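Here the structure comes first, spelled out in structure tokens, and everything after it is commentary.
Order of listing sets the numbers, starting from 1, for every ligand and every atom in it. Just so it is clear, the structure is predicted and the values come from calculations on it, not from any experiment. All heavy atoms count here, side chains included; hydrogens, waters and symmetry mates do not.
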Amino acid sequence: MTDRVIPLADLRYAASLPRIPLIETPPTGLLGDTLGRPLRDLRISVTDRCNFRCSYCMPKEVFDKHYSFLPHSSLLSFEEITRTAKLFVAHGVRKIRLTGGEPLLRKNLEILIAMLSGLRTPEGEPLDITLTTNGSVLARKAQALKDAGLQRVTVSLDALDDTIFRRMNDADFPVHEVLEGIEAAQKAGLGPIKVNMVVKRGTNDSQILPMARHFKGTPVVLRFIEYMDVGATNGWRMDEVLPSAEVVARIGAAFPLEPIGANASGETAERWRYKDGGGEVGVISSVTQAFCHDCNRARLSTEGKLFLCLFASHGHDLRALLRGGHSDAQIAGAIGLIWQARDDRYSELRSAAGGTDAPGAEPRERRVEMHYIGG
Ligand code: SAM
Ligand code: SF4
Ligand code: SF4
């Protein structure tokens with residue numbers, strides 16, 4: 001008897017088969033989870049592959065040539081993604097962010113963007129469609145993305161210094177090509193552009209001021225993200241987290257800042273503006289100031305599993321329903337049940353416990369990786 005080979009991917013990404021409600025109730029757009037949080041933001045990972053190997057996300061030692069990424073047949077097709085997104089919109093989603101892995105590596109992504117742009121809210125409004133990219137191929141693709149209906153992009157950029165940047169992406173990718181991508185996106189009208197910088201103490205915190213200086217006085221909104229303990233492979237340590245308060249203090253000492261209010265509920269960034277009118281910067285304090293209380297984000301993995309929290313270790317297999325002949329009403333009903341049962345608030349629990357881990361949380365090694373569910 002030969003051993004049954006279980007694909008690694010299935011072991012890594014546990015998911016359960018969602019329950020279909022016995023009585024169909026059409027989505028009202030008023031769904032709330034156990035903490036009363038609505039469902040507004042859907043992040044869709046369109047690929048688990050990436051051409052960078054940022055150590056905080058896909059460290060080279062793990063994501064090497066032996067790592068088995070998902071086969072193409074596992075990925076949701078554009079039709080499946082659009083069908084699912086439509087059901088989420090009926091439940092109240094207003095914003096869709098395409099992410100990954102590196103979303104611009106997914107072939108013909110413009111076609112998906114055009115399909116998603118055709119969706120409308122129950123009030124007949126278009127959705128807010130955006131994309132997070134490492135910017136490596138943005139210069140080439142910006143115009144086509146805009147033409148397909150993309151409204152904005154967020155570009156990740158961890159340093160201006162070429163040596164530090166190449167070390168951060170660990171793929172020897174030069175910084176000037178990302179800067180050219182940002183410029184092309186601006187020209188194509190994909191603004192206001194946000195630039196996200198993950199800050200790792202001792203690795204790229206020397207770049208906080210150069211980055212602030214570079215984007216000050218431009219329409220680009222620079223945001224600093226605390227290095228998070230997502231996934232199981234990045235070897236996260238609390239002493240490598242540079243608290244946002246320190247980022248604000250360092251920038252403020254050079255260029256005085258004042259706080260501004262949040263744009264919308266569920267907004268993750270705390271916003272600051274330069275007192276001299278040089279624009280704004282933001283900080284995302286996922287570690288030191290958890291914002292679970294109004295977290296309205298759901299994440300759809302590359303292969304169609306629904307995750308309710310960045311720190312989840314368990315998903316809900318919507319693809320099984322999509323490919324199992326279930327109706328839209330049945331799948332919408334299943335999504336409703338899943339969201340209503342949601343009680344995730346990992347970061348708050350971690351903070352309450354004093355920093356390093358949330359009590360009662362799944363062990364770190366079981367946590368899903370960020371490149372798979374999307375950031
Ligand atoms: N590849 C694209 C990119 O880098 O923009 C999209 C996917 S990436 C997973 C989305 C975002 O997650 C990026 O801004 C990245 O910097 C951020 N990210 C990944 N790992 C992180 C970590 N451990 N802590 C904080 N942010 C992280
Ligand atoms: Fe790739 Fe983005 Fe992860 Fe960096 S953060 S490895 S660019 S998916
Ligand atoms: Fe949302 Fe989970 Fe992050 Fe809290 S820890 S803000 S629930 S994704």
query = So which bit of T133 gets within less than 4.0 Å of ligand 1, heavy atoms only: side chain, backbone, both or neither?
reply = backbone
request  = Scan side-chain atoms only and decide if S45 and R299 contain a donor-acceptor pair under the 3.5 Å cut-off.
outcome  = no
task = With heavy atoms of Y227 as the reference, note each atom of ligand 1 found under 4.0 Å away.
result = 23 (N), 24 (N)
ask   = Going by chain and residue number, what protein N/O/S atoms come nearer than 2.8 Å to atom 3 (Fe) of ligand 2?
value = C57 SG
key: R297/D41 ion pair, N-O < 4.0 Å   = no
request  = Could you establish whether G135 and ligand 1 come within less than 4.0 Å of each other, counting only heavy atoms on the residue side?
outcome  = no
inquiry  = Going by salt bridge (Lys or Arg N to Asp or Glu O under 4.0 Å), name the residues that satisfy it together with R167, two or more places apart in sequence or in a different chain.
reply    = none
request  = Give me the ring orientation class for F52 and F165: parallel if the planes are under 30° apart, tilted from 30 to 60°, perpendicular past 60°.
outcome  = perpendicular
note = A correct count of protein N/O/S atoms found below 2.8 Å of atom 1 (Fe) of ligand 3 gives 1
ask   = Is the shortest N/O to N/O distance between D158 and ligand 1 below 3.5 Å?
value = no
request  = Check T132 against ligand 1 and report side chain, backbone, both or neither, counting heavy atoms closer than 4.0 Å.
outcome  = both
request  = State whether the number of non-hydrogen atoms from other residues, nucleotides or ligands found under 6.0 Å of R19 atom CZ is greater than 12.
outcome  = no
request  = Can you establish whether the number of heavy atoms outside K216 located under 6.0 Å from its atom NZ is more than 12?
outcome  = yes
key: Sequence-distant partners of R120, side-chain contact (heavy atoms from CB on, under 4.5 Å), two or more places apart   = P126
